[in-house]
Amino acid sequence: MQHLAEPQIALSVVSCYTHSPMPRLNPQQYQAVHHTEGPLLVLAGAGSGKTQVITSRIVYLLRHHQVPPEAILAVTFTNKAAREMQERVAATVGKAAEGMVISTFHALGVRMLRRDIRQLGYKPNFSIYTESDQAGVLRQAMRDLELDPKRYPPDGIRWRISRAKNRLIGPEAYPKTATEPLEAATAALYPRYQRLLKAFNAIDFDDIIMLAVQLLETLPEVRAYWEQRFRYLMVDEYQDTNACQYRLISLLAERHGNLCVVGDDDQSIYGWRGAEVQNILSFARQRPGCLVVKLEQNYRSSGTILKAANAVISNNPTRSDKVLWTASDDGEPITMIVADDEEGEAQQVVEQLQLVQYQQKLPWNHFAILYRSNAQSRTFEEALQLEGIPYILVGGQKFFERKEVKDTLAYLAVLANPRDEAALVRIINFPRRGIGDTTLLRLQQWSLGQNCTLFDALRRCGEIDGINETARKAISAFNAMLRQELDRFQPTGLASQANALFTRLGINAELHRTLGDHNQARKRMENIEQLINALAVFEERHPDTGLIDFLERIALTEDNRRAAIDDTQPHDAVTLMSLHASKGLEFPHVYLVGLEEGLLPHHRSAAEDPEVAEERRLCYVGITRARKRLTISRCLTRRRYGVHEACSPSRFLSELPPPQPAANDDRSAHPPADLGMDFFARILAE
């Protein structure tokens, strides 16, 4: 579809009252700002200026309709977004905005609870418990009900309670017929946990909105107050609302009906944490007279990038009908990298990134590398470190600082050097084997007194006083296991040996048992898999070295990385982040990596949803983060626990449009990796 640049309309009726001029609005933005009465759905495509619409609409209500500021409520998901809206409005109208509420959902919930929670049996000075506080309450509840935390991991139960609260399922309504042990334990613990919180005059983070909904649903006078208080409601990122947030907003808006929601169903990527895309898709149907405004003009990306985004997302069967377009030109062609494996992928991405940065004299913060799984960060971290390029890892720990990586590395360190006491202490009770802190302290004190290593103390644990028989047996078993592994260990085939060791140790089962959340356990196993892959790569590249050299390289690389980060300002660094973390951000140059079946779309998501709708939305989000240039990469093979396996190209690649050469296009002027007419033949057949 060919779009012509649409005229920009100044919001002059507002501007004449303001401290600073209002931005110019396109016709669709203007329509959304001026529709003040009744329900309004603003379908705001990526980069279409939705924040500008919300803030302009607030200013219009304040100045043109003389709406009292205290009657306006704007809700979003992050403190940063709320602060940005507040600052924009204040910069335009000054003190006229005082009394207006622009906040996150949870800040709104706390505001409501501080005023009225006493009617639910709490005192207004209630505490909001952190995760560690919650864990303490849950452990007490488990003691009260005589449930063993080793059999029923508290983290898994806490996650299930959180999920229930976000779905407005209270303790009494939680299914009591669960047959899965952890679900049954949750059903038993949830009521006790909630009673303990109340006894402590405390709530947890998930209670905030659930209790606010309870206030509105059960106390008519409370509901009447808040309905009268907030006569004009606006909700940002509406596609990310869960059942609890949806209910809260619906109750507040029911009386006056002046509810404006802004969002993009194509960017709904948080279903795994309770977001329900149907909230935005069904909004207009549920509210008679609802005006739907589509913001399709994109102010961020080039025409080529938007064509790619539109082509991919159009394959989702259930979505609102909108097509992003731009008044700008097509810009640079999309670039494709096809690498032999993940090491080659990282190397090629970093080489191209360096070349563009050098040729165009750009700061490093113009570049972002986006991936589906945090475990993918390892190869890119190493490639950037090797070239001395500063980087920031957003939304996750550096690879070799992740707990499961440090735990498994510690086993390798003990195999390389049994006298490595720090590593031995780290693994002595991982996986859990009944050797507690008190027992470990006695072992260490005895070894110091005898002037022997902790490793030798394990063998001589029968000589140590103060260790009970159960712990003594656990120590003897651990000692026997370690010595057997040392005897078994060979100087070659390190990756396969490490994989076999971790399998024998039952680390996968341990992670599932202790976390209680299969998704989290899977992600941590992906990190351990990447560690094994790193070991395989090191052995291939340095066949004359051994395990101690691998561990030394990691230690030195980490020291160099810390020094580089200490010497580099965060604003001048390449950004590494997952696609989930990238939403709402933009970069001139984006590298969207790992476009393979099993990664994007992820194999687990594909198994749960054959249409891979949310995975396709993730891909769309990644594409639309790019402003000037988009590079896509995939591998022909990837290592799985150190062994190369063939990779199939992501189905999303076949959904991209074959690019058309520009007029007078000199194909030789583009690097060989630029997408041309032979695009599908290359990326799908290689």
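All residue numbers refer to positions in the sequence shown, counting from 1.
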I need the minimum non-hydrogen distance between [X] and [Y], along with the two atoms involved.
X      : Y      : value
Gly434 : Asn429 : N-OD1, 3.2 Å
Pro601 : Arg651 : CG-NE, 3.7 Å
Val593 : Gln376 : O-NE2, 4.0 Å
Phe399 : Leu531 : CZ-N, 3.7 Å
Ile528 : Thr408 : CD1-CG2, 3.9 Å
Tyr641 : Asn533 : N-OD1, 3.4 Å

Does the distance from a Lys or Arg side-chain N to an Asp or Glu carboxylate O, for [X] and [Y], drop under 4.0 Å?
X      : Y      : result
Glu183 : Arg163 : yes
Arg158 : Asp204 : no
Arg638 : Glu645 : no
Glu614 : Arg617 : yes

Is there a donor-acceptor pair under 3.5 Å between the side chain of [X] and the backbone N or O of [Y]?
X      : Y      : value
Arg160 : Thr186 : no
Asp549 : Gly546 : yes
Arg460 : Asp456 : no
Glu539 : Gly493 : yes
Ser476 : Arg472 : yes
Arg372 : Leu600 : no
Thr637 : Asp340 : yes

Hey, are [Y] and [X] close enough side-chain-wise for a donor-acceptor pair under 3.5 Å?
X      : Y      : result
Ser633 : Glu345 : yes
Arg402 : Ser377 : yes
Ser162 : Asp206 : yes
Tyr391 : Gln385 : yes
His603 : Arg522 : no
Glu615 : Ser605 : yes
Glu351 : Gln347 : yes

Is there a side-chain contact between [X] and [Y] (heavy atoms, below 4.5 Å)?
X      : Y      : answer
Leu409 : Leu551 : yes
Phe550 : Leu494 : no
Pro649 : Ser654 : no
Leu592 : Leu579 : yes
Phe652 : Val612 : yes
Gln194 : Glu172 : no
Arg639 : Glu343 : yes
Ile208 : Ile203 : yes

* Asked: Does anything in residues 494-504 pair up under side-chain hydrogen bond (donor to acceptor under 3.5 Å, both in side chains), and if so which pairs, sequence neighbours excluded?
  -> Glu485-Arg504
* Residues His512, Arg524; criterion side chain to side chain donor-acceptor pair (under 3.5 Å); working and verdict -> CA-CA 10 Å; His512 278 82; Arg524 298 198 185 187; over 6 Å; no
Distance to the ring centre below 6.0 angstrom and angle to the axis at most 45 degrees; does that hold for [X] and [Y]?
X      : Y      : answer
Lys583 : Tyr270 : no
Lys523 : Trp272 : yes
Arg483 : Phe455 : yes

* side-chain contact (heavy atoms from CB on, under 4.5 Å) assessment of Val394 paired with Leu576 -> CA-CA 6 Å; Val394 177; Leu576 273 69; over 6 Å; no
* Within a reach of under 6.0 Å around CZ of Phe489, are more than 12 heavy atoms found that belong to other residues, nucleotides or ligands? -> yes
* **Residues, nucleotides or ligands: over 12 heavy atoms within 6.0 Å of Asn451 CG** => no
* Which of these passes side chain to side chain contact (heavy atoms under 4.5 Å, CB included) with Leu482: Leu415, Ile427, Ile428? -> Ile427
* On the 0 to 90° scale, with breaks at 30° and 60°, tag the Phe380-Tyr371 ring pair as parallel, tilted or perpendicular. => parallel
* Structure fact -> Sorted by chain and residue number, the side-chain contact (heavy atoms from CB on, under 4.5 Å) partners of Arg139 (sequence neighbours excluded) come out as Ala135, Arg143
